[in-house]
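Worth knowing before you read on, the calculation uses all heavy atoms, side chains too, and leaves out hydrogens, waters and symmetry mates.
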Amino acid sequence: QVQLVEFGGGYVQPGGSLRLSCVASGSSFKLYTISWYRQSPVTPRELVASVSSAGSTNYADSVKGRFTISRDNAKNTVYLQMNSLKPEDTAVYYCRSLIGTLIDWGQGTQVTVSS
């Protein structure tokens, strides 16, 4: 089991930027696929972006060109750089780890985009 903690959520105006961080415990971090999901009161939890142990990335169509996921294995951290934020990006953002069939989730961090 891995412990995941998210940082970096907050309040931002449309067009602004935020960077989320997901910090993981354990010594096998580099073997995990790490994903960011989001959920709002009106939408189900959805995949935003993921990065594999090999560094391959995947994005939801709604965030392509605006969000960038990256990982720093030396710091056991995955980042989600979010630019050109829109009100519809408002949600709780969750970090998820996957190795084999083992899945763990963080507690989530709130992102609010509003003028």
### Query
Quick one: are R96 and I34 in side-chain contact, heavy atoms under 4.5 Å?
no
Relative to the ring of W105, is the ring of Y94 parallel (under 30°), tilted (30 to 60°) or perpendicular (over 60°)? perpendicular
*Where the side chain of D104 meets the backbone of Q1, is there a donor-acceptor pair that is under 3.5 Å apart?*
no
Across all chains, not counting sequence neighbours, the salt bridge (Lys or Arg N to Asp or Glu O under 4.0 Å) partners of E88 are none
Show, in sequence, the C-alpha distance, side-chain angles and deciding distance for W36 and C95, and conclude whether the side chain to side chain contact (heavy atoms under 4.5 Å, CB included) test is met. CA-CA 5 Å; W36 286 97; C95 179; 4.2 Å; yes
Salt bridge (charged side-chain N to carboxylate O under 4.0 Å, His left out) pairs touching residues 25-37, sequence neighbours excluded, are none
The single option from T68, V111, V48 that satisfies side-chain contact (heavy atoms from CB on, under 4.5 Å) with L80 is V48
Residue set satisfying salt bridge (Lys or Arg N to Asp or Glu O under 4.0 Å) with R19, at least two apart, ordered chain then number -> none
Review point. Do R71 and T77 have side chains that get closer than 4.5 Å, going by heavy atoms?
Key: no
**Message:** For I69, is there any backbone N or O sitting under 3.5 Å from a side-chain donor or acceptor partner on Y59?
**Reply:** yes
| said: If the threshold is 4.0 Å, N to carboxylate O, is there a salt bridge linking D61 and K64? | reply: yes
Please tell me if the side chains of S62 and R38 come closer than 4.5 Å, counting only heavy atoms from C-beta onward. yes
Any side-chain donor near an acceptor of the partner, S17 and N83, under 3.5 Å:
yes
